[in-house]
Amino acid sequence: MSEIKVSKFGGSSMKDHEAMLRSARISKEHKADITLVSATYGTTDLLHGLIEKSVEGKWNECEKSLFTIREKHFDILQNLTKDNLAGEKLRELVNNLETLIRGIYLLNECSEKAKDRVVSFGERVSSVLFTEAMKMEWPERQIELFDSRNILKTDSTHGKAKPDLESIKIESSKYFNFSDKIAYVGQGYIGSDEHGSTTTLGRGGSDYSAALFAEGVGANVLQIWTDVAGIATTDPRICKTAKPIHEISYDEASEMAQYGAKILHPTTLVPAMRSGIPVFVGSSYAKDEKGTWIKESVEDKPLIRAIAKRDGQALLTISTPKMLNAYGFMGRIFDTFTRYEVSVDCVTTSEISVAVTVDKDTLENKKLLKDLSKIGDVKSEIGFTLISLIGNQMLEKPGLAKKIFANIEDINVRMLCLGASAYNFNILVNDKDGEKAITNLHAEFIG
Ligand code: ADP
Ligand code: MG
């Protein structure tokens, strides 16, 4: 084998039988050795809804959702093949899902562990269908469906499991036998812990799975196929003038992902960077468009490359006058966040207070808030959007801040973060101003 390639197709690329066939043709054209797929479009949301309804004891609604899931997938299958074996597999999976949902309904509760089991059906079902699409489009190869859970070993943090790279490497080398005669199909997003229980890598985690498989098998290239032709200068859904980026460094792309560009899961690039695997992001709907290459170093290094937006932000301010001229205040605060594994995005400090931005779900963690309140008065506010300008050498450009503020004159900036990295400049604004700030800044810096 000269080159090993890992490809991943997201939910939008698994929308219906046509999207599946189109994606399978891309796998063939690029000779993907491993192809990982997400659940079909919208199915993960349906599964989350199903869990909620079963816990609430709404069996009629559960039946409706189960019916929708069943119909949707059998419909795709019928358009792909009349193969009975695939139909059997699909039937068995959906029946298992129903049994599990009935169990949750009877118990009136669903553990995080059970939730992972339920949502894993999305990927397991779509991979059965996609295998059929691959068989049709790529008859020259033997198409082998495998269960990612046997390879992607993780810890037991259900809902957001941490991968165990050593085990992934061992399981990969035991299982895969790459050659130009075989193409493997597996599921993104799911894994299993040491007891064999199903785990998931967190929302959008299929990108991360693909990167872990790429690292695990020592791939030369990782391809992420989605519904847009690569990474754009900002979310094309928000800003019609968003432009494609053909090349971007790992550092810039990581900042984009971290600061909310939904195109990539924030942790995707960690394995790729660690192992120096170049990542391609392209559209499964327009495979011949140029797409984006993410790699170690790139030639063009513009001051502002892109603008990302992360909504659903909360601002936590911890203050205590006792800390005037004392030390240890920050240490205690960050120890507390670490203990609860909460990631903090932006930080500003004064002598007696520290303000941090966190995802608003963090405010549901009452234990964390209680522990923080032992350190000082805690004030929490919600309704913010973090806007990040991402680029290069941003700390060496006189007048940059002035230019930024001139373009958002009538928008109230609640917090400002700059200085920790040459790759970004972050401002926190009210949700209602987020899109306007992006549009104005994009027009000024990118055009
Ligand atoms: P998939 O199901 O393939 O994983 P996602 O919906 O997770 O797809 O990600 C693709 C979406 O990311 C695009 O449709 C686009 O709206 C959004 N997006 C956000 N920021 C950007 C950006 N800077 N460039 C391109 N797409 C972006
Ligand atoms: Mg995604």
Side-chain angles (χ1 to χ4, degrees), residues 1-8 10 30-36 162-163 165-166 168-169 172 178 188 201 204-226 228-234 242-283 289-308 343 345 388-397 419-426 445-446:
M1 283 299 290
S2 48
E3 254 203 345
I4 299 176
K5 270 191 193 165
V6 174
S7 280
K8 173 252 164 179
H30 289 267
K31 297 192 167 62
D33 297 286
I34 300 179
T35 304
L36 298 183
K162 291 190 193 69
L165 187 62
E166 273 323 297
I168 294 171
K169 284 186 174 162
S172 294
F178 298 114
L201 297 180
S206 291
D207 301 341
Y208 190 27
S209 292
L212 289 163
F213 270 95
E215 187 173 34
V217 302
N220 304 78
V221 179
L222 167 63
Q223 299 182 321
I224 308 266
W225 296 96
T226 178
V228 286
I231 303 179
T233 49
T234 193
K243 293 183 179 147
I245 297 172
H246 297 311
E247 267 196 356
I248 186 169
S249 67
Y250 287 134
D251 291 320
E252 293 169 288
S254 307
E255 298 276 357
M256 283 185 81
Q258 182 60 36
Y259 289 112
K262 197 193 162 207
I263 183 91
L264 271 189
H265 184 269
T267 37
T268 311
L269 294 170
V270 176
M273 283 166 93
R274 204 161 44 198
S275 302
I277 304 168
V279 181
F280 174 79
V281 183
S283 165
E289 277 189 43
K290 231 171 156 186
T292 306
W293 277 101
I294 312 171
K295 43 193 200 176
E296 180 76 49
S297 68
V298 292
E299 271 171 31
D300 176 37
K301 294 190 177 110
L303 177 69
I304 309 285
R305 170 92 70 189
I307 306 174
S343 94
D345 294 307
S388 306
L389 288 110
I390 291 139
N392 295 278
Q393 278 129 25
M394 293 174 72
L395 305 176
E396 289 153 40
K397 181 76 182 171
S421 133
Y423 304 106
N424 68 37
F425 189 122
N426 299 332
F445 291 102
I446 296 162

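The figures that follow rest on heavy atoms only: side chains count, while hydrogens, waters and symmetry mates do not. Residue indices begin at 1 and follow the sequence shown.
- Taking the six-membered ring where the residue is Trp, His265 and Tyr208 present parallel rings, their angle staying beneath 30° rather than reaching 60°.
- Distance alone, capped at 3.5 Å, is enough to place a donor-acceptor pair between the Lys5 side chain and the His30 backbone.
- For Lys243 (side chain) and Ile446 (main-chain N/O), a donor-acceptor pair under 3.5 Å exists by modelled atom type.
- For Tyr423, the OH atom sits in a loose shell: 12 or fewer heavy atoms of surrounding residues, nucleotides or ligands are nearer than 6.0 Å.
- We find the OG-CZ distance between Ser388 and Phe425 to be 10.5 Å, quoted to the nearest 0.5 Å.
- By the side chain to side chain donor-acceptor pair (under 3.5 Å) test, Tyr250 is found to be paired with no residue, residues two or more places apart in sequence or in another chain being considered.
- Pairs of residues two or more places apart, or lying in two chains, that qualify as salt bridge (Lys or Arg N to Asp or Glu O under 4.0 Å) and include a residue from residues 251-277 are Glu215-Arg274, Glu252-Arg305.
- Rounding to the nearest 0.5 angstrom, the gap separating the CG atom in Leu222 from the OG atom in Ser7 is 8.0 Å.
- Between Ala306 and Ile245, the shortest heavy-atom contact is CB-CD1, 4.2 Å.
- Here the shortest heavy-atom pairing between Pro302 and Asn392 reads O-ND2, 2.9 Å.
- In this structure the side chain of Asp33 never reaches within 4.5 angstrom of the side chain of Val217, judged on heavy atoms.
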Should Asn426 and Asp345 be marked as a side-chain contact (heavy atoms from CB on, under 4.5 Å) after you check the CA-CA gap, both sets of side-chain angles, and the distance that decides it? CA-CA 10 Å; Asn426 299 332; Asp345 294 307; over 6 Å; no

Does the side-chain contact (heavy atoms from CB on, under 4.5 Å) test come out yes or no for Lys295 and Val279, once each step is laid out? CA-CA 7 Å; Lys295 43 193 200 176; Val279 181; over 6 Å; no

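- Rounding to the nearest 0.5 angstrom, the gap separating the CZ atom in Phe280 from the CD1 atom in Ile294 is 10.0 Å.
- The two residues Ile390 and Ala308 make their nearest non-hydrogen contact at CD1-CB, 4.0 Å.
- Checked by atom type and distance alone, the side chain of Ser172 pairs as donor or acceptor with a backbone atom of Ile168 at under 3.5 Å.
- Leu264 has its side chain out of reach of Met256: every pair of non-hydrogen atoms, C-beta onward, lies at least 4.5 Å apart.
- Remark: the backbone N or O of Val298 is not paired with any side-chain donor or acceptor of Ser249 at under 3.5 angstrom.
- Here Glu289 contributes atom CD and His246 contributes atom NE2; the two are 9.0 Å apart, rounded to the nearest 0.5 Å.
- Between the side chains of Gln258 and Asn424, no donor N or O sits under 3.5 Å from an acceptor N or O.
- In terms of heavy-atom proximity, Ile231 sits nearest to Thr292 at N-OG1, 2.7 Å.
- Annotation for Ile307 and Thr234: closest pair O-OG1, 2.9 Å, computed over non-hydrogen atoms.
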Carefully, step by step, assess Ile277 and Asn220 under the rule side-chain contact (heavy atoms from CB on, under 4.5 Å). CA-CA 6 Å; Ile277 304 168; Asn220 304 78; over 6 Å; no

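- Taking 4.5 Å as the limit, some side-chain heavy atom of Val228 sits within range of a side-chain heavy atom of Ile263.
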Begin from the C-alpha positions of Glu247 and Asp300 and carry the test side-chain contact (heavy atoms from CB on, under 4.5 Å) through to its verdict. CA-CA 8 Å; Glu247 267 196 356; Asp300 176 37; 5.9 Å; no

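- The minimum heavy-atom distance linking Ser206 with Lys8 is given by the pair CB-CE, 3.5 Å.
- Between Leu165 atom CG and Ser275 atom OG the span is 7.0 Å, to the nearest 0.5 Å.
- Separating the OG1 atom in Thr35 from the CH2 atom in Trp225 is a distance of 11.0 Å, to the nearest 0.5 Å.
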